[in-house]
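Chain A is the first sequence line, chain B the second, and so forth, proteins listed ahead of strands; every chain is numbered from 1.
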Amino acid sequence: KQEVTQIPAALSVPEGENLVLNCSFTDSAIYNLQWFRQDPGKGLTSLLLIQSSQREQTSGRLNASLDKSSGRSTLYIAASQPGDSATYLCACVGSQGNLIFGKGTKLSVKP
Amino acid sequence: EAGVAQSPRYKIIEKRQSVAFWCNPISGHATLYWYQQILGQGPKLLIQFQNNGVVDDSQLPKDRFSAERLKGVDSTLKIQPAKLEDSAVYLCASSFGRAGYGYTFGSGTRLTVV
């Protein structure tokens with residue numbers, strides 16, 4: 001049974017810092033891996049999708065990496081801004097498209 | 001394009017009552033999912049539809065939860081009777097394939113059972 005763990009559970013940083021969010025998973029037989037952002041009272045927004053054959057994906061200030069052999073993914077946020085404050089969720093995608101989520105990392109970026 | 005629509009946004013009911021949630025996915029998305037998100041947890045899949053057929057309902061508590069997707073478009077999720085531990089946000093999502101591409105979530109329905 002796939003289990004997804006995210007570390008840290010919460011993170012507070014000053015504006016402008018570069019930061020790394022970590023995600024680990026127990027079963028390397030994943031189809032894809034996705035990172036989502038969740039704002040309070042709202043649904044989830046997909047940030048990046050990494051196919052199992054890829055090593056990384058980039059979108060603007062975000063870069064996500066995937067190492068299937070070690071069961072790890074990281075989300076790198078460059079030059080953080082207060083608007084980046086949200087909960088970031090990592091999810092492994094099974095072959096049927098179902099998502100298995102971690103508990104998330106709650107990020108707070110202080111001005 | 002319009003997003004995934006869910007209603008109601010909020011619902012408060014007493015335990016043992018019944019409740020229903022509605023979801024309208026993005027037009028053309030064949031796959032529809034219902035997730036349950038308990039406070040402080042990541043979302044957990046309850047049921048997955050491909051068109052109007054069930055792909056996975058292994059984590060759906062079938063003694064109290066039911067879901068249907070008539071005509072392969074919108075869907076309803078029902079809880080009867082509700083328990084205190086059903087308090088959560090119920091998220092609907094859709095995608096245009098079974099590999100997770102184009103995943104779009106609705107804003108969710110926050111259920112409080114008192």
Side-chain angles (χ1 to χ4, degrees), chain A residues 1-10 21-26 29-54 57 59 64 66 73 75 86-107, chain B residues 2-10 21 23-26 29-51 53-60 88-112:
Chain A
K1 178 184 175 184
Q2 180 73 272
E3 292 185 4
V4 180
T5 303
Q6 291 188 245
I7 296 173
L21 308 182
N22 297 292
C23 171
S24 62
F25 47 94
T26 55
I30 61 172
Y31 199 77
N32 295 320
L33 186 140
Q34 289 200 31
W35 283 92
F36 291 86
R37 168 181 173 144
Q38 186 172 31
D39 293 281
K42 297 187 178 180
L44 282 68
T45 302
S46 179
L47 296 174
L48 290 165
L49 181 151
I50 311 176
Q51 296 182 30
S52 61
S53 59
Q54 296 178 318
Q57 277 286 349
S59 175
L66 174 63
S73 177
L75 178 66
T87 295
Y88 291 81
L89 292 155
C90 166
C92 292
V93 185
S95 59
Q96 304 277 30
N98 58 303
L99 298 173
I100 301 169
F101 285 89
K103 292 184 179 181
T105 294
K106 186 174 182 179
L107 173 65
Chain B
V4 175
Q6 288 190 248
S7 66
R9 285 299 310 275
Y10 306 93
F21 313 128
C23 172
N24 187 254
I26 289 178
H29 278 193
T31 311
L32 184 147
Y33 313 79
W34 283 101
Y35 287 85
Q36 179 193 56
Q37 186 175 24
I38 293 173
L39 186 65
Q41 306 286 320
K44 180 186 79 171
L45 179 70
L46 292 175
I47 189 167
Q48 177 182 348
F49 292 95
Q50 179 76 12
N51 295 310
V54 176
V55 174
D56 184 356
D57 64 356
S58 58
Q59 298 190 91
L60 186 73
V89 176
Y90 291 84
L91 295 162
C92 179
S94 68
S95 66
F96 51 76
R98 288 170 62 172
Y101 295 102
Y103 238 101
T104 304
F105 279 84
S107 297
T109 296
R110 181 177 296 278
L111 174 67
T112 302

Please test Tyr35(B) against Leu99(A) for side-chain contact (heavy atoms from CB on, under 4.5 Å), starting from the C-alpha separation and ending with a verdict. CA-CA 9 Å; Tyr35(B) 287 85; Leu99(A) 298 173; 3.3 Å; yes
If you count heavy-atom pairs within less than 4.5 Å of chain A, which of Gly42(B), Gly40(B), Pro43(B) leads? Pro43(B)
At what distance, to the nearest 0.5 angstrom, does CD of Gln59(B) lie from CG of Asn98(A)? 8.5 Å
NZ on Lys103(A) to CD1 on Ile38(B), rounded to 0.5 Å: 10.5 Å
Minimum heavy-atom separation for Tyr103(B) and Gly97(A), please, with both atom names. OH-O, 2.9 Å
Is Gln38(A) close to chain B through its backbone or its side chain, or both, or neither, when contacts mean heavy atoms under 4.5 Å? side chain
Heavy-atom distances under 4.5 Å only: say whether Leu89(A) touches chain B with side chain, backbone, both or neither. side chain
Non-hydrogen atoms of chain A under 4.5 Å away: do they reach the side chain of Gln6(B), the backbone, both or neither? neither
